[in-house]
There are 2 protein chains.
Amino acid sequence: MDLDEATTRLLDAAEHEFYGRGIHTVGMDTIRARSGVSLKRLYQCFPSKENLVEAYLARRDERWRRSLADHVERHARTPDEAPLAVFDWLHEWFGEDGFRGCAFINSFGELGATSPRVAAVDRAHKDALREYLRGLTAALDVADPDALADQLLTLVEGATVIAAMSGEPTAAHPARNAAETLLAAALRPLR
Amino acid sequence: MDLDEATTRLLDAAEHEFYGRGIHTVGMDTIRARSGVSLKRLYQCFPSKENLVEAYLARRDERWRRSLADHVERHARTPDEAPLAVFDWLHEWFGEDGFRGCAFINSFGELGATSPRVAAVDRAHKDALREYLRGLTAALDVADPDALADQLLTLVEGATVIAAMSGEPTAAHPARNAAETLLAAALRPLR
DNA sequence: TGGTGCGGAGAACCAACGTTCTCTAGCCTA
DNA sequence: TAGGCTAGAGAACGTTGGTTCTCCGCACCA
């Protein structure tokens with residue numbers, strides 16, 4: 001097995017275990033067992049657990065945002081539809097097997113106070129998401145697109161937390177309805 | 001020191017440490033040191049760490065909800081103002097020293113997958129909060145108070161997460177503005 | 001064919017932690 | 001004052017986990 005494949009398998013194992021059960025809960029030996037990569041190789045690829053955690057989060061960040069953007073691009077036929085497509089994607093995500101909330105919220109709660117590097121990756125993810133939403137609202141004819149984006153971001157985070165804790169994918173519905181109302185209000189402010 | 005005082009001091013120490021730094025990060029010896037209660041007494045009051053965590057969360061749940069309800073009661077002069085008062089209280093909370101997000105979201109992310117008892121306390125807190133918001137919206141002249149309550153809940157959770165990760169108490173503003181719009185739309189649905 | 005270096009399995013090491021045990025000092029009671 | 005109960009300080013115990021080390025087999029090369 002070459003380095004690239006080992007790295008991929010390690011990241012796959014890390015994502016499955018860390019996301020599914022928490023970071024402190026999962027030991028390096030579990031990662032080794034699940035990935036089939038020897039401990040020696042593991043520490044060649046990632047010189048410490050914190051390193052592996054960072055890498056797992058970074059890869060997940062990219063994939064997650066790409067998946068969201070792809071869905072919105074495919075399903076929104078006009079800029080007005082884009083924000084709502086975000087919540088449709090959330091609903092699908094909430095229903096996936098093994099859904100356990102936002103990896104970045106979870107790792108921030110667990111490690112944010114003790115690992116500045118993990119905290120930084122978590123914040124970078126949220127900044128990127130806000131930036132993405134700002135891109136969507138900037139294409140709309142509204143008075144304050146950034147303010148609208150921040151409202152949508154609030155709904156996205158809220159829905160994710162509620163879905164995680166309740167286990168109900170339908171947590172996306174109130175968020176979507178709220179987004180619809182906010183969008184309509186922003187688009188027709190004076191009517 | 002009698003049992004009651006020991007219990008209080010232990011819960012104070014647990015709240016400070018667990019909330020501030022995470023649960024796995026903090027050892028029982030840290031609790032002992034901060035509380036000034038001997039290990040023997042500690043294990044008399046709480047026969048295991050999980051016990052202590054549960055008790056800390058239960059006490060925090062009560063205090064947190066009472067504080068919120070008190071503020072709303074004191075500041076909302078009409079039922080219409082009550083939902084917005086919730087967000088004013090959030091803003092104050094977000095600005096407190098040592099604010100680090102919602103203890104229940106954090107502990108759920110850290111232990112939800114491994115400790116069913118902690119998960120249950122976390123869910124109970126969220127259920128109680130939803131119930132509280134339903135009480136507020138039930139007093140309004142709106143078509144679907146429960147739906148409005150779920151929208152508000154989404155905003156509350158979202159604002160809390162964003163405030164925690166960004167460190168910005170102003171995360172309450174988009175949530176409050178959104179609540180205002182949603183409230184207005186629900187109160188005057190046909191205009 | 002004999003040596004050499006690489007990779008894997010797993011033991012080993014060390015620290016941290018949850019929990020229990022021991023020892024001692026003080027205090028209450030007879 | 002003597003005896004025993006209590007509580008605290010801290011050692012001890014067993015486990016776990018992050019990280020490193022050892023040993024062995026195997027492929028490659030002179």
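Both backbone and side-chain heavy atoms feed into the values below; hydrogens, waters and symmetry mates do not.
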Report task. Identify whether the distance between the nearest side-chain nitrogen and carboxylate oxygen of A/D12 and A/R59 falls below 4.0 Å. Result -> yes

Query raised in the report: In whole angstroms, how far is the P atom of C/dG7 from the CD atom of A/E5?
Result: 14 Å

Query raised in the report: Can we say B/R32 and B/D29 salt-bridge, meaning some charged N sits less than 4.0 Å from an Asp/Glu carboxylate O?
Result: yes

Query raised in the report: Any link between B/F87 and B/V161 through a network of hydrophobic side chains (Ile, Leu, Val, Met, Phe, Trp, Tyr) touching at under 4.5 Å?
Result: no

Query - ring-ring contact (aromatic ring centres under 6.0 Å, His included) partner of A/W64, chosen from A/Y19, A/Y56, A/W93, A/F104 - result: A/W93

Query - Nucleic acid contacts of residues 17-31 of chain A, taken as heavy-atom distances under 4.0 Å to DNA chain C - result: none

Requested in this report: For the pair B/L152 and B/V86, evaluate side-chain contact (heavy atoms from CB on, under 4.5 Å) and give the outcome as yes or no after the intermediate values.
Outcome: CA-CA 9 Å; B/L152 295 176; B/V86 169; over 6 Å; no

Query raised in the report: Do B/E157 and A/E157 pass the side-chain contact (heavy atoms from CB on, under 4.5 Å) test, and can you show the C-alpha distance, the side-chain angles, and the key distance before you say yes or no?
Result: CA-CA 7 Å; B/E157 302 298 358; A/E157 304 299 357; over 6 Å; no

Query raised in the report: Could you go step by step and tell me if A/F108 and B/N106 meet the side-chain contact (heavy atoms from CB on, under 4.5 Å) rule?
Result: CA-CA 8 Å; A/F108 190 86; B/N106 292 348; 6.0 Å; no

**Report entry** For DNA chain D, the residues among residues 37-54 of chain B that have a non-hydrogen atom under 4.0 Å from it
**Finding:** B/S38, B/K40, B/R41

Requested in this report: Tell me, yes or no, whether the heavy-atom count around A/H24 atom NE2, taken from other residues, nucleotides or ligands under 6.0 Å, exceeds 12.
Outcome: yes

Report task. Round to the nearest Å and state the distance from A/D2 atom CG to D/dA27 atom P. Result -> 18 Å

